[in-house]
Amino acid sequence: MRLTYTSDVWWKNAVVYCLDVETFKDGNGDGIGDFRGLTQQIDYLAGLGVTCLWLMPFFPTPNKDDGYDITDFYSIDPRLGTLGDFVEFMRTAHDRGMRVIADLVVNHTSDQHPWFKESRKSKSSPLRDWYVWSDKPEPDDPSKVVFPDKEDSLWEWDNRSKQYYLHSFYKHQPDLNVANPEVRDEITRILGFWMELGLSGFRVDAVPFLIENVDPKLPDPHEFLQDMRAFMTRRKGGSILLGEVNVPYEDLVQYFGDGLGDQVTMCFDFISMQKAWLSLARQNAGPLADALRERPKPPKDGQWAMFLRNHDELTLDKLTDEERQEVFDAFGPEKDMQIFGRGLRRRLPTMLGGDLRRVKMAYSLLFSLPGTPVIFYGEEIGMGENLDEEGRLAVRVPMQWTRDGGFSPAEPVREVPEGSFAPDRVNVADQKRDTASLLRWFQLLIERYRECPELAWGTYTVLDAGHHAVFAHRCDADGATVVVAHNLCDTAVDAELELPGLEGQQLTDLLVDGTLDVSADDAKVKLPLEPHGCRWLRASPPEIAPEDAGVMSQ
Ligand code: GLC
Ligand code: CA
């Protein structure tokens, strides 16, 4: 494998960092994060090793769904800055070698969007068909209501124009109708606009809803995804779509464009994420191992996006009721920690009881799992949530830069947590100076992840480690191999791996000092692991130095 591939197909082993401009850094002292503040922190992100920033929605909005309710797709929320500030930010990010993608939220608009205001004026409005209207909708299936705490239907009666409109999410988010070619054209224009301003792609919000909840049904809903991707590739080769597609694996492959890979470039792996949490709860590698064994291979140049937490609830909707209850019991037993009957509104370190060893192991697992890691701002310093904030906002707290917060000199847009996850205990400044900190651990993991493109590019095999608590896998690419093992339990364990093809080779630790020998006779190796220990190892034949054995050297 040539390293040049990793610049053309850059997303395949990118390090994606999701942040909300509103909560990252306030540059003008009004308590609200903004593009000027973010731009000042670019070197922090570059120093961490981030290669791609994912910006949550930054467009004008009534802010009833934290910006996922947009009133103008071609502009910047004035609280966050101006288009000029955006361009300066983009230029600085590019200068530091970082790409930028942004949320594309076009399943719906805000009900305050001028398009919807026009559409609802009357049944004969020229924009009537931009949204989905019905005289008598099908009865609701309660399982399809995404936010059951606030909504009990997908349809809302509009008294003025005497029809119901469809809203897959909140009632203030009417669904755009991509069955209408004018709407599809407009979405393409939005892509083109932001790509012209430097974006390398989009995280596409709610993909299945976007193409399915339309009227009339499209003969081939996936054609629209193909068209979007083709348009982007024409404008700028190497631009990507990262899809939020939370559906079972067998239904998901078509979003990649089946064998062709001409639709969504990367999909979040919601299934292995949920199984990873089940594995962590049980201290048993089984569920995660099964998921990764069953996971379909994405088409060439496609990739899975791996994550443990994001800006939403930790959804456990694809687990059985019993499994979900196990994760609730382990990581969010109190009612206030749970949300929508399916998830947890917590960040990872609080769920793992603040146990730094375990937190480090969980992130080592994330970076080593086959795919592209996506992290949510603040994960690198182990920020906690603030359950006093409403709903999913609990995890969207201001970034903690210094002991007194450092997000803004003014009253911040959202309250930081108190207690052991407050800024005086968890902040960037302290962790920069502490070699044992989580921040330093992230830097190490990112450096190694980038040095081992086998992890993301290679063929992976989930290994039998001889112990239920150990998740072990190997990644092979062009004759180079990386072997990884994680101990999910809190006692020391001796794993035993069988590594066919590596008979007589040496395994060199990549995160600490150490080597192990693979038996020349039966390809077995004993692998001691500390409580919640993790090891990344590179295989090399005795006559070759480990530094020369990787794909990097080819
Ligand atoms: C996606 C987003 C979520 C938002 C919803 C509606 O699921 O991740 O934050 O509320 O779409 O736009
Ligand atoms: Ca501000």
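Whatever order the structure lists them in is the order used to number ligands and atoms, beginning at 1. Along the sequence shown, residues carry numbers from 1. These values consider heavy atoms only, across backbone and side chains, with no hydrogens, waters or symmetry-generated copies.
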Would you say CZ of R79 has more than 12 non-hydrogen atoms from neighbouring residues, nucleotides or ligands within 6.0 angstrom? yes
Below 3.0 Å, any N, O or S contact between N28 and the Ca ion (ligand 2)? yes
Contact region, R203 to ligand 1, non-hydrogen atoms below 4.0 Å, reads side chain
Ring centroid separation for Y165 and W155, is it under 6.0 angstrom? no
Numbering the atoms of ligand 1 from 1, which are under 4.0 Å from a heavy atom of D65? 4 (C), 6 (C), 10 (O), 12 (O)
Looking only at N, O or S atoms, which one in D26 sits nearest to the Ca ion (ligand 2)? OD1
Which ligand 1 atoms does R396 reach within 4.0 Å, using its non-hydrogen atoms? 9 (O)
D312 neighbourhood, listing ligand 1 atoms whose heavy-atom distance to it stays under 4.0 Å: 2 (C), 3 (C), 7 (O), 8 (O), 9 (O)
Counting only heavy atoms closer than 4.0 Å, does ligand 1 sit against the backbone of K64, its side chain, both, or neither? neither
Does R345 count as lying over the ring of F328, i.e. NZ or CZ under 6.0 Å from the six-ring centre, within 45 degrees of the axis? no
Test applied, ring-ring contact (aromatic ring centres under 6.0 Å, His included); reference residue, Y44; option that passes from F442, F24, W401: W401
Side chain to side chain donor-acceptor pair (under 3.5 Å) partner of Y68, the single match among D205, N63, T61, D103: D103
Closest to the Ca ion (ligand 2), which N/O/S atom of D34 is it? OD2
Would the W194 and F59 ring centres measure less than 6.0 Å apart? yes
Centroid-to-centroid, F270 to F307, below 6.0 Å? yes
Could you tell me which atoms of ligand 1, counted from 1 in the order shown, lie closer than 4.0 angstrom to a heavy atom of R392? 3 (C), 4 (C), 9 (O), 10 (O)
Below a 4.0 angstrom heavy-atom separation, can you tell me which part of F147, side chain or backbone, both or neither, approaches ligand 1? side chain
Got an N, O or S from G27 under 3.0 Å of the Ca ion (ligand 2)? no
The N/O/S atom of D30 lying closest to the Ca ion (ligand 2) is OD1
The single option from F89, F73, F86 that satisfies ring-ring contact (aromatic ring centres under 6.0 Å, His included) with F58 is F86
Of the protein's non-hydrogen atoms, which lies at the shortest distance from atom 1 (C) of ligand 1, and what is that distance? D205 OD1, 2.7 Å
Flag if over 12 foreign heavy atoms under 6.0 Å of CZ, R189: yes
Give the C-alpha distance, both sets of side-chain angles, the deciding distance and a yes or no for ring-ring contact (aromatic ring centres under 6.0 Å, His included) between W54 and Y17. CA-CA 6 Å; W54 153 23; Y17 186 99; over 10 Å; no
Close-contact set for ligand 1 against H108 heavy atoms, below 4.0 Å: 6 (C), 12 (O)
Atoms of ligand 1 close to E244 [distance to a heavy atom under 4.0 angstrom, numbered from 1]: 1 (C), 7 (O), 8 (O)
